[in-house]
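All remarks here apply to the structure that follows.
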Amino acid sequence: MSGPRVRFAPSPTGFFHVGSARTALFNWLVARQDPEGVFILRIEDTDAERNREEWVEGIFSAMAWLGLDLDEGPFRQSDNAAAYDNAAQLLRRSGYLYYCDCSSAALEARKAPGAPPGYDGFCRDRGVERGPTTALRFRTPREGVTIVHDLVRGDVEFANALIEDFVVVKSSGDVLYALANVTDDRHDRITHVIRGEEHLANAPKQMMLWEALNRATSDEVALALYAHLPLLVNEQRKKLSKRRDPVATESYRDQGYLASAFVNYLALLGWSPRGDQEIVPLGAIIEQFRLEDVSHSPAFFDVKKLTHMNGEYVRALSPGDFVRSSAPWVCPWRSDWRPSDLVPSWREDQFDASLFARVAPLVQERVATLGEIPSMVAFFFLDDAPLDEASFAKVILSDPTGPTILGEAIRRFELLTTWDAPSLHTSTVEIGEGLGLALRKAQAPIRCAVTGTLVGPPLFESLELLGRKRTVQRLRAAAARCA
RNA sequence: GGUCCCAUCGUCUAGUGGCCUAGGACAUCACCCUCUCAAGGUGGAGACACGGGUUCAAAUCCCGUUGGGACUGCCA
């Protein structure tokens with residue numbers, strides 16, 4: 001017995017959605033937990049009108065970022081049109097499909113009030129010949145039920161009488177999603193169809209098609225097992241929409257989320273690891289994941305929780321890995337990939353890699369995403385730190401002790417025999433003592449003058465790394481502004 | 001409207017009839033630590049939608065109600 005064969009089959013009609021990312025991940029997990037499992041990527045681009053090449057590229061790059069490697073493919077349905085045409089003609093000759101020349105206007109006109117929705121079967125037995133405006137419809141059974149054996153939800157029963165004779169081939173001759181999808185799934189010997197819940201209602205139609213193809217081709221391919229994953233919803237509990245929700249996977253990469261953290265978080269949407277620990281290594285997720293354990297109810301994509309987890313992953317990085325991971329944000333010029341909308345605030349010649357390496361540990365424990373790094377370290381690289389006027393006004397202009405502290409700091413810092421954090425610390429404590437101020441108050445004007453803001457990495461370590469010259473320069477400039 | 005799915009703290013979830021005075025995580029609040037900000041530590045508040053059954057026993061099983069959602073395309 002060989003392993004599971006699963007496929008992720010997105011259609012490139014927009015940027016790569018976080019819901020798609022989770023579907024891809026769950027498929028990939030099923031493949032990876034079996035040494036013989038196979039993960040396939042199939043681009044479902046049969047709708048030429050809505051597909052764009054850049055969206056295909058987006059799928060590839062997002063999956064590469066997440067580490068969802070392929071065993072087969074990527075395949076594209078647009079390369080496979082002949083196979084779908086063959087399948088359609090075979091089904092037609094075998095009587096499963098019939099031509100229909102009803103226009104949507106005719107359908108509308110015929111519709112009795114209160115009649116069940118969907119096609120009424122008008123052309124079922126009219127013996128319509130192929131023509132320029134004829135579509136091919138599937139002759140669905142009028143009786144009985146089709147049961148979808150869903151690995152997540154259990155058996156779901158659909159009355160065949162309620163399934164309309166759906167269109168399989170458009171009048172333009174283009175084969176529609178349902179048949180293309182099933183043709184490929186049979187061809188690829190897919191064993192598990194794992195996809196979003198919005199496809200649950202398609203499942204009985206696809207099973208009908210699958211079985212019709214089995215008989216028409218006398219190539220008996222065992223029906224795939226289905227698993228419909230709960231939807232990802234927004235705070236309004238609506239299905240995540242590409243239009244109104246922040247769901248582009250790439251934007252999370254741009255903001256500086258780590259792939260490992262993102263994958264871990266995604267795995268938690270509809271599934272949970274054993275025990276109380278939610279931050280778990282990928283290996284453990286692969287090992288423990290079971291479709292049968294997937295939740296039945298929709299999940300909200302909570303960026304706050306993702307961000308917290310990302311912070312944990314960032315802090316867990318070795319100092320070297322942190323520096324390397326930061327490169328696209330702090331030194332995009334020398335990076336092979338950079339966030340799409342990044343505008344560096346310093347020039348390449350102002351960036352000092354060895355200085356950043358020493359600064360990095362100071363910021364590593366205070367950022368949740370890599371994208372937060374630049375603003376936190378800008379004062380090291382810019383000639384003048386970007387000044388937050390409100391802070392400056394608060395601790396220097398409107399506080400009489402502000403200018404005094406600045407003056408004292410200039411005097412003492414210039415006389416310091418050793419320029420290091422402990423000495424700067426001691427010196428600042430003494431300034432405070434002289435004025436009857438706690439260190440927390442005494443350090444504020446200095447911090448603001450030198451770094452431009454009241455929040456940031458530890459001050460004395462920062463001053464040590466900045467150097468006496470630049471520190472005193474900035475203190476002087478700030479003092480001058482008070483006069 | 002029709003078909004189908006779903007229902008535990010604000011959020012993601014654990015829970016598969018007794019271990020539940022319902023556990024964890026995020027968020028939130030308080031306190032501690034502290035040169036700012038984080039991080040960290042401690043503690044608090046916070047949920048089984050409702051109504052009927054079944055059972056000695058129900059968050060867990062059944063039915064109904066209510067509420068939410070998906071689908072309902074010659075899109076995928």
Side-chain angles (χ1 to χ4, degrees), chain A residues 9-13 44-47 49-51 77 100 102-104 114-119 133-137 148 150 152-153 156-159 162-164 166-174 176-178 180-181 195-204 228 230-231 233 235-239 265 268-279 295-309 311-312 315 363-368 372 376 391 395 421 424-425 428-429 432 438-444 446-448 451 453-462:
Chain A
S11 86
T13 56
E44 304 226 323
D45 55 355
T46 53
D47 186 350
E49 306 251 317
R50 298 176 50 201
N51 298 149
Q77 291 193 322
C100 166
C102 298
S103 65
S104 55
Y119 183 65
T133 61
T134 54
L136 232 25
R137 287 183 182 273
V148 179
D150 192 290
V152 172
R153 281 149 221 285
V156 183
E157 201 172 292
F158 294 87
L162 265 14
I163 299 176
E164 64 171 324
F166 56 94
V167 173
V168 169
V169 183
K170 299 207 270 188
S171 49
S172 65
D174 294 329
L176 252 17
Y177 154 76
N181 183 272
R195 70 230 300 195
E197 198 204 90
E198 70 268 30
H199 286 288
L200 182 54
N202 292 326
H228 290 96
L231 257 19
V233 298
E235 43 276 87
Q236 282 82 240
R237 302 256 113 206
K238 303 271 195 218
K239 182 168 82 160
Y265 179 69
L268 259 29
L269 258 19
W271 179 79
S272 62
R274 280 197 290 269
D276 282 343
Q277 188 61 35
E278 291 189 322
I279 299 204
S295 152
H296 297 187
S297 43
F300 170 62
F301 186 87
D302 186 354
V303 181
K304 284 209 181 77
K305 183 158 179 171
L306 200 213
T307 302
H308 174 268
M309 287 186 68
E312 297 223 27
R315 274 173 261 127
V363 299
Q364 180 171 5
E365 54 186 313
R366 13 181 76 73
V367 296
E372 296 168 34
M376 203 169 278
S391 301
V395 299
L424 288 158
H425 184 271
T428 308
V429 168
L439 179 56
R440 51 173 288 115
K441 300 292 277 183
Q443 57 91 39
I446 299 171
R447 176 186 293 278
C448 186
T451 74
T453 75
L454 258 20
V455 300
L459 182 62
F460 307 115
E461 282 83 347
S462 296

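Proteins come first, then strands; the chains are lettered A, B, ... in the order of their sequence lines, and each starts at number 1.
- In this entry B:U34 has no Watson-Crick or G-U wobble partner, no candidate having both defining distances under 3.5 Å.
- Applying the salt bridge (charged side-chain N to carboxylate O under 4.0 Å, His left out) test to A:Glu164 and every residue at least two apart in sequence or in another chain returns nothing.
- Contact annotation for A:Leu454: base contact, defined as any heavy-atom pair under 4.0 Å involving a base atom.
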Using a cutoff of under 3.5 Å, can you pull out all pairs of nitrogen or oxygen atoms linking the protein to nucleotides 12-16 of chain B, with atom names and distances?
{"unit_1": "B:C12", "atom_1": "OP1", "unit_2": "A:Arg237", "atom_2": "NH2", "d": "2.3"}
{"unit_1": "B:C12", "atom_1": "OP1", "unit_2": "A:Phe300", "atom_2": "N", "d": "3.1"}
{"unit_1": "B:C12", "atom_1": "O2'", "unit_2": "A:Leu268", "atom_2": "O", "d": "3.0"}
{"unit_1": "B:C12", "atom_1": "O2", "unit_2": "A:Lys305", "atom_2": "NZ", "d": "3.4"}
{"unit_1": "B:U13", "atom_1": "OP1", "unit_2": "A:Gly270", "atom_2": "N", "d": "2.9"}
{"unit_1": "B:U13", "atom_1": "O2'", "unit_2": "A:Ser272", "atom_2": "OG", "d": "3.4"}

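- Checked against ring pair (Phe, Tyr, Trp, His ring centres under 6.0 Å), A:His308 has no partners two or more places apart in sequence or in another chain.
- Annotation: salt bridge (charged side-chain N to carboxylate O under 4.0 Å, His left out) contacts of A:Glu44 (sequence neighbours excluded): A:Arg42.
- One interatomic measurement links the two molecules: CG of A:Leu231 to P of B:C4, which rounds to 18 Å at whole-angstrom precision.
- The distance from atom CG of A:Leu459 to atom C1' of B:U34 is 14 Å, rounded to the nearest whole Å.
- At whole-Å resolution of the value, NE2 in A:His228 and C1' in B:G69 are 15 Å apart.
- With sequence neighbours excluded, the residues forming a side chain to side chain donor-acceptor pair (under 3.5 Å) with A:Lys305 are A:Glu278, listed by chain and number.
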### Query
Once each nucleotide of nucleotides 38-46 of chain B is scored for protein heavy atoms under 4.0 Å, what B/S/- sequence comes out, 5' to 3'?
BSS------
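- Distance check on atom C1': B:C50 versus B:U42 gives 38 Å, rounded to whole Å.
- Nucleotide B:C20 forms a pair with no other nucleotide shown, judged by Watson-Crick or G-U wobble geometry with both contacts under 3.5 Å.
- Note: A:Arg447 CZ to A:Thr453 OG1 = 7.0 Å, rounded to the nearest 0.5 Å.
- With sequence neighbours excluded, the residues forming a ring pair (Phe, Tyr, Trp, His ring centres under 6.0 Å) with A:Tyr177 are A:His199, listed by chain and number.
- Base pairing of B:C74 is not made with any nucleotide, judged by Watson-Crick or G-U wobble geometry with both donor-acceptor distances under 3.5 Å.
- Residue A:Arg440 is classed as a sugar-phosphate contact, given heavy-atom separations below 4.0 Å to backbone atoms only.
- Here the straight-line distance linking atom CG of A:Asn202 with atom CZ of A:Arg195 works out to 6.0 Å at 0.5 Å rounding.
- Residues that satisfy the salt bridge (charged side-chain N to carboxylate O under 4.0 Å, His left out) test with A:Arg153, not counting sequence neighbours, are A:Glu197.
- Base pairing of B:C61: its partner is B:G53, meeting the Watson-Crick or G-U wobble criterion (both donor-acceptor distances under 3.5 Å).
- With sequence neighbours excluded, no residue forms a side chain to side chain donor-acceptor pair (under 3.5 Å) with A:Gln364.
- Comparing B:C4, B:C71, B:G69 by their closest approach to the side chain of A:Lys238 singles out B:G69.
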What N/O pairs connect the protein and nucleotides 74-76 of chain B at under 3.5 Å? Give each pair on its own line.
{"unit_1": "B:C74", "atom_1": "O2", "unit_2": "A:Ser171", "atom_2": "N", "d": "2.8"}
{"unit_1": "B:C74", "atom_1": "O2", "unit_2": "A:Ser171", "atom_2": "OG", "d": "2.9"}
{"unit_1": "B:C74", "atom_1": "N3", "unit_2": "A:Ser171", "atom_2": "OG", "d": "3.1"}
{"unit_1": "B:C74", "atom_1": "N4", "unit_2": "A:Cys102", "atom_2": "O", "d": "3.3"}
{"unit_1": "B:C75", "atom_1": "OP2", "unit_2": "A:Lys170", "atom_2": "NZ", "d": "3.1"}
{"unit_1": "B:C75", "atom_1": "O2'", "unit_2": "A:Asp47", "atom_2": "OD2", "d": "2.6"}
{"unit_1": "B:C75", "atom_1": "O2'", "unit_2": "A:Arg50", "atom_2": "NH1", "d": "2.7"}
{"unit_1": "B:C75", "atom_1": "O2", "unit_2": "A:Arg50", "atom_2": "NH1", "d": "2.7"}
{"unit_1": "B:A76", "atom_1": "OP1", "unit_2": "A:Thr46", "atom_2": "OG1", "d": "2.6"}
{"unit_1": "B:A76", "atom_1": "OP2", "unit_2": "A:Tyr177", "atom_2": "N", "d": "2.8"}
{"unit_1": "B:A76", "atom_1": "O3'", "unit_2": "A:Glu44", "atom_2": "O", "d": "3.4"}
{"unit_1": "B:A76", "atom_1": "O3'", "unit_2": "A:Glu44", "atom_2": "OE1", "d": "3.3"}
{"unit_1": "B:A76", "atom_1": "O2'", "unit_2": "A:Ser11", "atom_2": "OG", "d": "3.1"}
{"unit_1": "B:A76", "atom_1": "N6", "unit_2": "A:Asn202", "atom_2": "OD1", "d": "3.2"}
{"unit_1": "B:A76", "atom_1": "N6", "unit_2": "A:Asn202", "atom_2": "ND2", "d": "3.2"}
{"unit_1": "B:A76", "atom_1": "N1", "unit_2": "A:Asn202", "atom_2": "ND2", "d": "3.3"}

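- In terms of polar N and O atoms assigned as donor or acceptor, the side chain of A:Arg153 never comes within less than 3.5 Å of the base of B:C6 in a complementary pairing.
- When the C1' atom is compared between B:G10 and B:A27, the two are found 8 Å apart, to the nearest whole Å.
- Mapping A:Arg447 and A:Phe158 onto RNA chain B via the closest heavy atom, the residue that lands nearer the 5' end is A:Phe158.
- By the ring pair (Phe, Tyr, Trp, His ring centres under 6.0 Å) test, A:Phe460 pairs with A:His425, sequence neighbours left out.
- The base-pairing partner of B:C26, taking Watson-Crick or G-U wobble contacts with both distances under 3.5 Å, is B:G10.
- Considering only residues two or more places apart in sequence or on other chains, A:Asp302 meets the side chain to side chain donor-acceptor pair (under 3.5 Å) condition with none of them.
- Residue A:Lys441 is classed as having no contact, given no heavy-atom separation below 4.0 Å to the nucleic acid.
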